[in-house]
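Report on the structure given below.
Chain naming here is simple, since letters A, B, ... match the order of the sequence lines and numbering starts at 1 in each.
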There are 2 protein chains.
Amino acid sequence: MGEKRYHHGNLREALLEAAFRLVDEEGPEAISMRALAREAGVSSAAPFRHFPDKQVLLDAIAAKAGAEIDRRLDEVAVECGDALTQFRAMTVAYVRYAAEHPVLFGLVHSRSAISGRFLGQVDDERRLKLIALIIEGQNAGLIPDADPELIALTSEALTHGLARMIADRHPRVRNLDSEEARKLALAATQLLQTGIGLA
Amino acid sequence: MGEKRYHHGNLREALLEAAFRLVDEEGPEAISMRALAREAGVSSAAPFRHFPDKQVLLDAIAAKAGAEIDRRLDEVAVECGDALTQFRAMTVAYVRYAAEHPVLFGLVHSRSAISGRFLGQVDDERRLKLIALIIEGQNAGLIPDADPELIALTSEALTHGLARMIADRHPRVRNLDSEEARKLALAATQLLQTGIGLA
DNA sequence: GCCGGATGTTAGCGCCGCTTAGATCGCAGA
DNA sequence: TCTGCGATCTAAGCGGCGCTAACATCCGGC
């Protein structure tokens, strides 16, 4: 049984999973290459065969979390036909992920993870969909004729801001569970749609 | 002249200033206690007389940056009388700071800096002002009778989201200079006021 | 069967945060 | 003016870190 083989067999995945879980629970500062190696039962130099340096490992974790966010957004999007409902559901899903996995959410949007990574293209694809949706709404007379790009960006900024505040435990929204996060996201989105009426 | 004294005389401030500048320019990972000590011409143990550990130093940097943000917000607030103009100017100032000092902006809102720090009270004070402003607007019939807290939070989330996206070099708003950031902040705020009309 | 590349090991370099023990200084009160 | 004491610094060192170089082992394709 538990015999010591020279080769681990699945070291890359083992490291990635352990690191992913640790970062989720304790934060990025909580992991070290050496500790991960110990936990996997390999020497401290072994991890560097699979991740050239620590930042690459963190990037891989961020990519995994980013993919999970994308998966959730797609999931809720296909569940509801109506375009507006779809949009709201995606907002809620985004904010909920931030509430449930604040550290991973932060890592996905950290500067080091963002630079030159997947976020560019995946995100851009979703943005094009959103803009198409808005233009559709404008043609149907449901949405005022403001710049669609601006409308999309504003919606995103609101969603992202809420998510960030929750993830960072901003004093204003401290300790929201994901149900409260859901309600807040819906209310704020609604408010954006109707406008707060200053002007 | 440059004689070696045993006591530095102003080590705490020297360390804080050097660290502040370095974090602003290179990021929090770029500083080390030992390097700061070398730069200040002092032994590597000396900094620990003034900062019990590295996190406390980072907290002090965050506090300094936070105070600067507060100063800017107050500054633009007194410059313009009209309440709405005041609110817009504060939004712009906030987003501009994020564009000009992305790393410091991020540090101020990092979880470790936030927990148990000044942000609680200072921020709360500003929030009460904002809510009072909204209630005033509602009484004057300018703002619909939604929950003032929700309105305040939504405005803040939008502003904060924009600032974060810019500071983190989110692909959507990459490479905005502070003038472009200003325009975007104004446009998005305007859009929130009129509403985007989905609904 | 064997051999080359992928994947592991051991050893070690230089840096780090932080601690302890003792040196030096500057100032308040005798 | 002297003295003693607390604040501030130094020297030395501990254990951990990221990462590298040189060598060992294993596996899959010729």
- Query: Considering only C:dT19, C:dC18, D:dT20, which nucleotide approaches the side chain of B:A45 most closely?
  - Reply: C:dT19
For nucleotides 14-17 of chain D, print each protein N/O atom paired with a nucleotide N/O atom at under 3.5 Å, atom names and distance only.
residue	atom	partner	partner atom	Å
D:dC17	OP1	A:S32	OG	3.0
D:dC17	OP2	A:R38	NH1	3.4

- Query: What is the distance from CD of B:E29 to C1' of C:dG17, rounded to the nearest Å?
  - Reply: 16 Å
- Message: One thing to verify: whether A:E100 and A:R72 come together as a salt bridge, which I'm taking to mean a side-chain N less than 4.0 angstrom from a carboxylate O.
- Response: yes
- Can you tell me the distance, in whole Å, between the CG atom of A:L58 and the C1' atom of D:dG18? 12 Å
- Task: Return no unless some side-chain N or O of B:H50 is found under 4.0 Å from OP1 or OP2 of D:dC9.
- Result: yes
- Item | Salt bridge present between B:E180 and B:K183 (N-O < 4.0 angstrom) | no
- Query: Separation of B:Q55 atom CD from C:dG17 atom P, in whole Å?
  - Reply: 12 Å
- Message: Just the rounded figure in Å: distance from C1' of C:dC16 to CG of B:L36.
- Response: 12 Å
- Is it true that B:R182 and B:E179 have a side-chain N and a carboxylate O under 4.0 angstrom from each other? yes
- Task: Could you give me the CA-CA distance, side-chain angles and deciding distance for B:R172 and A:E149, then say whether side chain to side chain contact (heavy atoms under 4.5 Å, CB included) is met?
- Result: CA-CA 10 Å; B:R172 194 82 88 257; A:E149 301 237 8; 5.9 Å; no
- Task: May I ask you to check whether A:Y97 and A:H101 place their ring centers less than 6.0 Å from one another?
- Result: yes
- Query: What is the distance, rounded to the nearest whole Å, between atom CG of B:L15 and atom C1' of C:dG17?
  - Reply: 15 Å
- Of the candidates C:dC18, C:dA21, C:dG8, the side chain of A:R49 sits closest to C:dG8
- Length of the CZ-C1' vector between B:F48 and C:dG17, whole Å: 5 Å
- Query: Between A:E125 and A:K129, is there a salt bridge with N-O shorter than 4.0 Å?
  - Reply: no
- Task: To the nearest Å, give me how far apart CZ (B:F51) and P (C:dT19) are.
- Result: 16 Å
